[in-house]
Amino acid sequence: MKVDYHLHLEEGPYSLSWLDRTNQALNHFSPLEEKPHTRGWLKKGMERLAARLERGAYDASWLDLYLLEAKRKGLKEVGIVDHLYRFKESRAYFEKNLDLSDSDVGTKQQVWLNQVMTESMGDFVRSIHEAKPRWAQQGVTLRLGLEADYFSGSEAELKGLIEKYEWDFVIGSVHYMYGWGFDNPDTQNRFHHYNLVDLYKDFFAEVEKAIRSNIFQFVAHLDNLKVFNYRPDEAFLVPHYERIAKALVETDTATEINAGLYYRYPVKEMCPSPAFLDILVNAGVCFTTSSDSHFPDDIGSFIEQNTQTLLEKGVKEIATFKEGRRVMRGIGEGVCTTR
């Protein structure tokens, strides 16, 4: 059974590169008839992009492109999430935890937050609920999720945001250290300010706190700090891998094989790394699979490969989610257990 349980809809910042990438996605499904790079081609493309922008992030026709690609790639269940930072309701939470000072990093993050925090949580929830019957008629189960950035010490505020709606699953993730968004290309020079062994130690301590908070159905991309290839010798990281595996097992929290860093970022490696994955599998951690797609043509990317990887390592079940419960399904077929 192939599932993709971590993918996103339209997301800013709304730049010219975003327009170009959106155009690529639209061409994947409906190539323009005009010859490329002619005036007619450009006019048609601009009209199509203007309509896409006008309809908004949660437009049904955009959402159903994900369905079309899911069917092409043989996915049976899809969990669509949006980042918590997309929602205006979360502003106080992020203003408390991000570096938004007048420093170089803080100024860039101020600009970024205002660019991406444009949507309403309620609009997102309604769009997914409305799409579920349409998707079911086409043979694909659609689930509603949220990817929530975890900050230790702000668990109560985070729970208050999550509890506004009923989710099929909530993903916990760590994208920030010391208030700095380490996966932002515009701020990656910050890696040079830290001893990498110490930075990774603090990072995995934060990931472990996220796991032990018992807020999340699964915790995403466990080693995404490696995003720009700033990493120490992996031998230094093995004790951290083992502690994360122990925390996942003790809290009965799942994780994922996430392909996003493999095909979208300089590190070109799955999360978790091969060595980390072996430790997690040997500890008996539960897995789901995800593309971490942000465009409809990328849904399902490397899901088949990563499902096969799990099978080869002796994993027989894949984690799916419904109404806040984990449902373990045989990778071959059928429901196995519900937790």
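Just so it is clear, the structure is predicted and the values come from calculations on it, not from any experiment.
Other residues, nucleotides and ligands place more than 12 heavy atoms under 6.0 Å from the CD atom of Q115. No more than 12 heavy atoms of other residues, nucleotides or ligands sit less than 6.0 Å from atom CD of E304. Counting heavy-atom neighbours within 6.0 Å of K246 NZ, excluding the residue itself, gives a total of 12 or less. The environment of NZ in K35 is sparse: at most 12 heavy-atom neighbours from other residues, nucleotides or ligands sit within 6.0 Å. Counted within 6.0 Å of CD on E250, heavy atoms from surrounding residues, nucleotides or ligands total more than 12; the atom is thus considered enclosed. Atom CG of D102 sits in a sparse spot, with 12 or fewer heavy atoms from other residues, nucleotides or ligands closer than 6.0 Å. K322 NZ: 12 or fewer foreign heavy atoms inside a 6.0 Å radius. Within 6.0 Å of NZ in K73 there are more than 12 heavy atoms belonging to other residues, nucleotides or ligands.
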*Might you work through the ring-ring contact (aromatic ring centres under 6.0 Å, His included) test for W112 and Y85, ending with a clear yes or no?*
CA-CA 10 Å; W112 169 82; Y85 59 64; 4.7 Å; yes

*Residues R190, D99; criterion salt bridge (charged side-chain N to carboxylate O under 4.0 Å, His left out); working and verdict*: CA-CA 13 Å; R190 194 76 185 167; D99 178 356; over 6 Å; no

*With salt bridge (charged side-chain N to carboxylate O under 4.0 Å, His left out) as the test, would you mind laying out the steps for E163 and K159 before giving the verdict?*
CA-CA 6 Å; E163 289 168 359; K159 287 178 182 178; over 6 Å; no

*Any chance you could lay out the side-chain hydrogen bond (donor to acceptor under 3.5 Å, both in side chains) test for N306 and T289, step after step, and finish with the verdict?*
CA-CA 7 Å; N306 286 330; T289 49; over 6 Å; no

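The hydrophobic clustering, which links ILVMFWY residues whose side-chain heavy atoms are closer than 4.5 Å, places Y14 and L49 together. In this structure, Y178 is a member of the same hydrophobic cluster as V105, with clusters built from ILVMFWY side-chain heavy atoms closer than 4.5 Å. Hydrophobic clustering of Ile, Leu, Val, Met, Phe, Trp and Tyr side chains at less than 4.5 Å, counting indirect connections, keeps F236 apart from F203. Hydrophobic clustering (ILVMFWY, side-chain heavy atoms < 4.5 Å, transitive): L75 and F29 are in one cluster. Transitive grouping of hydrophobic side chains (ILVMFWY, heavy atoms separated by less than 4.5 Å) brings V285 and I279 into a common cluster.
Counting only distance, with no hydrogens or angles, the side chain of R264 and the backbone of D292 share a donor-acceptor pair below 3.5 Å. Side-chain atoms of R52 do not come within 3.5 Å of backbone N or O of L19 as any donor-acceptor pair. The main-chain N or O of Y5 is never found under 3.5 Å from a side-chain atom of T288 such that the two would form a donor-acceptor pair. Under a 3.5 Å cut-off, the side chain of S103 and the backbone N or O of G106 do form a donor-acceptor pair. Distance alone, capped at 3.5 Å, is enough to place a donor-acceptor pair between the Q110 side chain and the L100 backbone. For E119 (side chain) and D82 (main-chain N/O), no donor-acceptor pair under 3.5 Å exists by modelled atom type. The main-chain N or O of E323 is found under 3.5 Å from a side-chain atom of D168 such that the two form a donor-acceptor pair. R326 contributes a side-chain N or O that, together with a main-chain N or O of D252, makes up a donor-acceptor pair within less than 3.5 Å. Between the Y262 side chain and the S291 main chain, no donor and acceptor come within less than 3.5 Å of each other. R143 contributes a side-chain N or O that, together with a main-chain N or O of F321, makes up a donor-acceptor pair within less than 3.5 Å.
Pairing each heavy atom of P296 with each of W62, the nearest pair is CD-CZ2, 3.3 Å. Here the shortest heavy-atom pairing between Q109 and G179 reads NE2-O, 2.8 Å. Here the closest non-hydrogen pair linking P266 and N229 is O-ND2, 3.7 Å. Smallest separation of non-hydrogen atoms from G324 and Q217: O-NE2, 3.3 Å. Across all non-hydrogen atoms, the minimal contact from G153 to K96 is O-NZ, 3.9 Å. When every heavy atom of K209 is checked against every heavy atom of S152, the shortest pair comes out as CD-CB, 3.7 Å.
Screening residues 36-50 for side chain to side chain donor-acceptor pair (under 3.5 Å) gives N23-R48, N27-R48 as the qualifying pairs, with residues at least two apart or on separate chains.
Distance check: H83 NE2 to S173 OG gives 7.0 Å after rounding to the nearest 0.5 Å. The distance from atom OH of Y165 to atom CG of L144, rounded to the nearest 0.5 Å, is 10.5 Å. Note that CD of E208 is 7.0 Å distant from CD1 of I211, once rounded to the nearest 0.5 Å. Atom CD1 of I303 is separated from atom CG of D4 by 4.0 Å, given to the nearest 0.5 angstrom. One distance of note links CD of E130 with CG of L142; it measures 12.0 Å at 0.5 Å rounding. Note that the CG atom of D223 and the CZ atom of F276 stand 6.0 Å from one another [nearest 0.5 Å].
With no hydrogens or angles considered, no side-chain donor-acceptor pair links E155 and S213 at under 3.5 Å. A side-chain N or O of D20 and one of Q24 form a donor-acceptor pair less than 3.5 Å apart. Counting only N and O atoms by type, the side chains of Y150 and E206 include no donor and acceptor under 3.5 Å apart. Between the side chains of E234 and S273, at least one donor N or O sits under 3.5 Å from an acceptor N or O. Side-chain N/O atoms of Y265 and N224 include no donor and acceptor closer than 3.5 Å.
Applying ring-ring contact (aromatic ring centres under 6.0 Å, His included) to Y194 and the options F182, Y200, W180 leaves one that passes, W180.
No side-chain heavy atom of I257 sits less than 4.5 Å from a side-chain heavy atom of T307. At a threshold of 4.5 Å between non-hydrogen side-chain atoms, the residues L225 and V207 do not count as touching. Between Y66 and V140, every side-chain heavy-atom pair lies at or beyond the 4.5 Å cut-off. Looking only at side-chain heavy atoms (C-beta outward), F287 and L310 come within less than 4.5 Å of each other. Within the 4.5 Å cutoff, the side chain of E89 has heavy atoms near those of the S120 side chain. In this structure the side chain of V3 never reaches within 4.5 angstrom of the side chain of R329, judged on heavy atoms. Proximity of K226 to C271: side-chain heavy atoms (C-beta onward) are separated by under 4.5 Å at one or more points. In this structure the side chain of P13 reaches within 4.5 angstrom of the side chain of V116, judged on heavy atoms.
Judged by the 6.0 Å distance and 45° axis criteria, R21 is positioned over the aromatic ring of F295.
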Determine all donor-acceptor pairs shorter than 3.5 Å in which one atom belongs to a side chain in residues 121-128; sequence neighbours excluded.
from: D123; atom 1: OD1; to: R126; atom 2: NH2; distance (Å): 2.5
from: S127; atom 1: OG; to: F124; atom 2: O; distance (Å): 2.7

